[in-house]
2 protein chains.
Amino acid sequence: MSNSRTGGANLPALRHHNASLVLDLLRVAGEQGISRLELAEHTGLTPQAVSKITARLRAEGLAAEAGRLASTGGKPRTVLRLVPDAGYAVGLHLDRDELTAVLADLAGTTVATRTFPLDLGAPATEVLATAAHAVRTVRAEGPQATCTAARHVFGVGAALPGPLDHRSGVLHRVTGFPQWDRYPLRDALAEHTGLPVVVDKDTNAAALGLALRDRAEADFAYLHLGTGLGAGLVLGGALHRGARTGAGEFGHQTVQLDGPPCGCGGRGCIEALCLEAAARGDVAEAARVLGAGAANLVGLLDIDRVVLGGRTVAAHEAAYVGGVRAVIEERARREGVTAAVPVTVAGGGDRPVAEGAAQLVLAPLFGRAGEDGGERD
Amino acid sequence: MSNSRTGGANLPALRHHNASLVLDLLRVAGEQGISRLELAEHTGLTPQAVSKITARLRAEGLAAEAGRLASTGGKPRTVLRLVPDAGYAVGLHLDRDELTAVLADLAGTTVATRTFPLDLGAPATEVLATAAHAVRTVRAEGPQATCTAARHVFGVGAALPGPLDHRSGVLHRVTGFPQWDRYPLRDALAEHTGLPVVVDKDTNAAALGLALRDRAEADFAYLHLGTGLGAGLVLGGALHRGARTGAGEFGHQTVQLDGPPCGCGGRGCIEALCLEAAARGDVAEAARVLGAGAANLVGLLDIDRVVLGGRTVAAHEAAYVGGVRAVIEERARREGVTAAVPVTVAGGGDRPVAEGAAQLVLAPLFGRAGEDGGERD
DNA sequence: TCCACTTAAGCAACGCTGTTGCCAAAGTGC
DNA sequence: GCACTTTGGCAACAGCGTTGCTTAAGTGGA
């Protein structure tokens, strides 16, 4: 529980904390739903407390009863379910050459997707106009808005490649596009759309999206290999951004002291070695380099899973997964660990980034904001 | 706030959370103390709530009034202070060849220190007897116990080199000492001493000790270079242990693909390169290798400080700090960052480990347990 | 068909949290 | 000596989860 950034907690904060917890369990339970008593068991609260909390959530329209379970000798349990269309969020993925926009409901289901051509090198006003247009478009799409009331959109999450500050929503020097330096994207986009906006790095958004999938581990790393190489880290169930949203600079980790020069000015960076091998068609070597970096990460942070993604990986999924897994398994064997950390891929090409961007807005509702939590309205 | 591992919070949990928060602020304030209104400002609670909370803490003997500040035009503020001798903890550092035991008070001040010879390769019962003897010895030392009541010792924190599981208190294969494999050290030591016991890796203990010093950053890494090379990570103000207390395996990070073989069976590990250079007297090269690993870590986790420690570093402090700093500053310059992450040393040789071990017991009182929190009595 | 039993879920009273409104205490400065 | 400022506690209060009890809604044996 966190009461803004000070830490002191009062009764409203307590109520919000427990409501978020229940809401998160409802989200994870999905369409199948979950009974009040299971909620009580998972939260450690008394059944009566869960009854009160779920009653409030039902009154707010966020939860609903959905059938009953089979009796086990007494009154059957009533199943509760999240109401997916109680709220929506827009997710934007601003990549170098295209913009992907999705509309996600409260359950995390993508109900609309659109892609637009984009030149991230164009003037800011032009990019902003495209983004605002994309937001309007996906808001109008998806399932027909109910006749009673307009759909409630909580806000817009925007994910981009460059370094930026998540807290202030200000961009730093996006590689190759000097016009974005110190640009207050969050506030500008909020003004253009009239909605609250959250910005974050593309890899962080993707990692958050994966973390909110059911059965996600508490600690894992998402490695994104596209035109560059970056990582999103989930530690202790929450996104780790670091003090300056700089965490995840995975591409320029040195894995070959005094190795070949990299575009960043350093030598022996993973990105340089990996992309060079991939460029000359040696996927096995690219995977081996990536695996060495992944194994470093696994050892340093003791994570439970490595997820690979991005266009370059998508082109040779089996080779990359196999190559990375081989390095990790070999190192696990040396340490005498029985079960090596699993390596998987995040399907869907670049879509996980846009979907994760939408979760930047929705995650605070479920107490999954990560470090400094956003408040609910 | 965390109510055991379930997450649900009730009123006692709320009370405990706020009390811990206030207690932590009192601890950080040290002998200088802190006024009620400052506590209110830092916690975000109302002054009245702080009055109630501090009244309870005073009734329990954990806090006391200590003088007044100068008036600013009205009634002067009353200064509150932690009562250091309200409780103590024993910290044990079980190294390969010696055992260091300290007695720390609530404020973190070491009031007694003793070292004993130890052979970590000896049978478990022998090592345990030495440890229990060390605990009895430091409990009897320090400032004279007040005549009113015996000193209250909260428990024993034990730090050791090998891999282990912090949650269960069971050791894994401590390098070179197969008899410790699967040994339930926590329970065994608890039985021998009659006190609650917490065990953790030496580097984690040291990092925790540093994290509890006043003005410590929320994110930093402690790199320990002794007979081996390990790391303790503090992320978001809390110790990051990972799911299996395995985090901090820094020594066997690959920084030279296909480099020289390491004792672990791998190639190009930092530890092998670093210790090899140190062994042949090339401190500059050892520092450069260590710096490369440290820079990787800084980039990956976006931490605020790197702290060096351990016997090998202590022998050439300036050279190591300078060498590591040079690598980190060079990389920061390439990324266009104005202020590079500072590099410092943890003085006192190996003592920070034993002092940090005592903090393993005290930290939960201040809500600084890290991830899964221990409860107060 | 009926009745005893089991399990689920809500109502009412309660203890305790931090909050609010108010007032006494303890200074400064004219 | 008086007006003013600031601190900090007392008392009443709203609201949280908890406890004790009741009602709802099933199963299963006589």
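Lettering of chains follows the sequences in order, A, B, ..., and the numbering in each one begins at 1.
- Note that CG of B:N18 is 12.5 Å distant from NZ of B:K52, once rounded to the nearest 0.5 Å.
- Heavy-atom distances to DNA chain C give each of A:E65 and B:T46 a nearest nucleotide, and the one nearer the 5′ end belongs to A:E65.
- Here the nucleotide nearest the side chain of A:R36, chosen from C:dG10, D:dT18, C:dG18, is C:dG10.
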Dump the pairs, protein N or O against N or O of nucleotides 25-28 of chain D, anything under 3.5 Å, distances to one decimal.
from	atom 1	to	atom 2	distance (Å)
D:dG26	OP1	A:R68	NH1	3.1
D:dG26	N2	A:G73	O	3.2

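- Between B:L39 atom CG and C:dG18 atom C1' the separation is 16 Å, expressed in whole Å.
- A distance of 4.5 Å separates CG of A:D165 from OG1 of A:T245, quoted to the nearest 0.5 Å.
- With rounding to whole Å, B:L11 atom CG is found 8 Å from D:dG17 atom P.
- Side chains of A:E355 and A:R213 form a contact here, defined as non-hydrogen atoms less than 4.5 Å apart.
- In this structure, B:R58 atom CZ and D:dG8 atom C1' are separated by 10 Å, rounded to whole Å.
- Within the 4.5 Å cutoff, the side chain of A:D200 has no heavy atoms near those of the A:L208 side chain.
- Between B:N18 atom CG and C:dG18 atom P there is a gap of 5 Å when expressed in whole angstrom units.
- Donor-acceptor pairing under 3.5 Å, judged by distance alone, is present between the side chain of B:Q48 and the base of D:dC10.
- Of the candidates C:dG18, D:dG8, D:dT19, the closest approach to any side-chain atom of B:S51 belongs to D:dG8.
- In this structure, of C:dG18, D:dG9, C:dG10, it is C:dG18 that holds the atom nearest to the side chain of B:A49.
- Among the heavy atoms of the strands lying under 4.0 Å from B:T78 are primed sugar atoms or P, OP1, OP2 only; no base atom is included.
- One can place CD1 of A:I53 at 13 Å from P of C:dG10, the figure rounded to the nearest angstrom.
- In terms of position along DNA chain D, the nucleotide closest to B:S35 lies nearer the 5' end than the nucleotide closest to the other residue of the pair B:K52 and B:S35.
- Here the side chains of B:D85 and B:D105 are not in contact, with every heavy-atom distance at 4.5 Å or above.
- The line from CG of B:L14 to NE2 of A:H17 is 10.0 Å long, rounded to the nearest 0.5 Å.
- Counting only heavy atoms from C-beta on, A:N10 has its side chain closest to C:dT19 among C:dT19, D:dG15, C:dA8.
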